[in-house]
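Quick notes on the structure that follows.
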Amino acid sequence: AAHMKDHTKAFLAHIFYLDDTANKGICQVGYYDEAKQRMTTFVVSEASIETIPDQEVLQDPATPIQPLDPTHINHNETEVLAAAQEIITLNYPRLFPMKQFFIIQNSNLGEIYNVTYLTQTFTSVNIKLAVRDLSVLKHTESHLMRFDKGEETLKEKAREQIVKRA
């Protein structure tokens, strides 16, 4: 309540879940103050609510932060991650996720569950699910680190050494 007195124009912008043992039952709730262009985040658990002070937000001017309507959120963490896991199983069966997290936000695709998996092979899989019905809006795989370029360089150097010796 004290926060709202100082941030009269703030609106709910996101809810973030990190799915690991240390963060079980904890979420981060972000309120964006458009006038101040700052985000205040509340770390919410069963036992307490902690405030992370206002922080500057890096954002693309073409995609401003939009309010999130909490009345539209009808799925729990387990349902969201089960729907995302189905996409992983069907489309990325060779990947083995090590860590997963998701953010509920209002994006250019509408209100979404934005689920990200980090894998053992230094790739990430991002899955965007519609808040209304968990339908898949988009999914992509990205390489966080590329090793093949270094391997090619080593192969080229080895070839050069062989050519020099011949």
Side-chain angles (χ1 to χ4, degrees), residues 1-93 95-119 123-144:
H3 171 75
M4 294 311 287
K5 288 179 189 173
D6 296 334
H7 300 80
T8 57
K9 298 196 188 276
F11 57 80
L12 176 63
H14 73 265
I15 303 170
F16 175 82
Y17 291 89
L18 178 59
D19 187 46
D20 65 11
T21 307
N23 292 287
K24 211 57 159 170
I26 298 174
C27 69
Q28 295 181 17
V29 181
Y31 281 83
Y32 182 65
D33 188 324
E34 201 166 23
K36 296 180 180 182
Q37 295 196 346
R38 296 207 169 271
M39 184 80 68
T40 303
T41 304
F42 299 92
V43 180
V44 181
S45 70
E46 289 181 28
S48 68
I49 299 175
E50 296 176 33
T51 305
I52 298 173
D54 292 0
Q55 296 177 321
E56 191 173 339
V57 178
L58 298 175
Q59 65 174 320
D60 180 357
T63 56
I65 296 172
Q66 297 294 318
L68 176 65
D69 186 340
T71 64
H72 295 167
I73 302 167
N74 298 314
H75 305 96
N76 63 36
E77 185 178 354
T78 303
E79 294 168 324
V80 172
L81 292 175
Q85 183 59 49
E86 191 173 315
I87 301 306
I88 292 284
T89 302
L90 292 172
N91 296 283
Y92 307 97
L95 298 179
F96 299 99
M98 295 185 324
K99 200 170 249 326
Q100 58 206 26
F101 56 90
F102 71 93
I103 186 168
I104 308 169
Q105 64 189 123
N106 193 346
S107 74
N108 58 345
L109 296 173
E111 292 178 318
I112 62 169
Y113 299 106
N114 190 351
V115 185
T116 301
Y117 289 87
L118 303 177
T119 72
T123 61
S124 69
V125 176
N126 182 257
I127 302 166
K128 293 177 177 20
L129 304 169
V131 163
R132 69 183 175 283
D133 60 5
L134 292 176
S135 61
V136 180
L137 301 173
K138 184 178 180 180
H139 60 88
T140 57
E141 177 183 1
S142 300
H143 296 277
L144 302 174

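Bear in mind that the values here come from a model prediction, so they are computed numbers and not experimental data.
In plain terms, the two heavy atoms of V125 and I127 that are nearest each other are CG1-CG1, 4.0 Å. The heavy-atom pair separating S124 from L118 by the smallest distance is CB-CD2, 3.8 Å.
A donor-acceptor pair is defined here as one N or O able to donate and one able to accept, closer than 3.5 Å; such a pair exists between the side chain of T89 and the backbone of Q85. Between the N91 side chain and the I87 main chain, a donor and an acceptor come within less than 3.5 Å of each other. Proximity of a side-chain donor or acceptor of D33 to a complementary backbone N or O of K36 within less than 3.5 Å is detected. In this structure, the side chain of H75 engages the main chain of V131 through a donor-acceptor pair within 3.5 Å. Under the 3.5 Å distance criterion, the side-chain polar atoms of S48 are left unmatched by any main-chain donor or acceptor of E50. One N or O on the side chain of N106 and one on the backbone of P67 form a donor-acceptor pair closer than 3.5 Å. Side-chain atoms of E34 never come within 3.5 Å of backbone atoms of A10 as a donor-acceptor pair (strictly under, hydrogens ignored).
The distance from atom CG of N23 to atom CG of L18, rounded to the nearest 0.5 Å, is 4.5 Å. Between atom CD1 of residue I15 and atom CZ of residue F42 there is a gap of 12.5 Å, rounded to the nearest 0.5 Å. Rounding to the nearest 0.5 Å gives a distance of 9.5 Å between CG of D54 and OG1 of T51. To the nearest 0.5 Å, atom NZ of residue K24 and atom OG of residue S45 are 14.5 Å apart. Atom-to-atom distance recorded for N114:CG and N126:CG is 4.5 Å, nearest 0.5 angstrom.
Side-chain contact between I88 and Y117 is present, with heavy atoms from C-beta onward closer than 4.5 Å. Put simply, the side chain of I103 does not reach to within 4.5 Å of the side chain of F101, judged on heavy atoms. A heavy-atom distance below 4.5 Å is not found between the side chains of E56 and M39. Side-chain contact between P70 and L12 is present, with at least one heavy-atom pair separated by less than 4.5 Å. A 4.5 Å side-chain heavy-atom check between Q100 and L81 finds at least one atom pair inside the cut-off. Residues E111 and Q105 are not in side-chain contact: their nearest non-hydrogen atoms beyond the backbone lie 4.5 Å or more apart. For the pair I104 and L68, the minimum side-chain heavy-atom distance is below 4.5 Å. The side-chain heavy atoms of E77 and V80, taken from C-beta on, include no pair separated by under 4.5 Å.
Applying the side-chain contact (heavy atoms from CB on, under 4.5 Å) rule to A130 yields the partners R132, D133, S135, L137; only residues at least two apart in sequence or on another chain are considered.
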What's the verdict on ring pair (Phe, Tyr, Trp, His ring centres under 6.0 Å) for Y32 and F11, showing C-alpha distance, side-chain angles and the deciding distance?
-> CA-CA 5 Å; Y32 182 65; F11 57 80; 5.8 Å; yes
Mind running side-chain contact (heavy atoms from CB on, under 4.5 Å) on I26 and V43 for me, showing each step along the way?
-> CA-CA 7 Å; I26 298 174; V43 180; 3.6 Å; yes
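Among residues at least two apart or in separate chains, there is no salt bridge (charged side-chain N to carboxylate O under 4.0 Å, His left out) pair with a member in residues 80-93.
Between K128 and the choices V115, V136, T116, L109, the side chain to side chain contact (heavy atoms under 4.5 Å, CB included) rule is met once, by L109.
For I49, the CD1 atom counts as loosely surrounded, since its 6.0 Å shell holds 12 or fewer non-hydrogen atoms of other residues, nucleotides or ligands. A 6.0 Å sphere centred on CD of Q37 holds no more than 12 heavy atoms belonging to other residues, nucleotides or ligands.
Using cut-offs of 30° and 60° on the angle between ring planes, the pair Y113 and F102 is perpendicular.
In summary, K99 and D20 engage in a salt bridge, as defined by a charged side-chain N under 4.0 Å from a carboxylate O.
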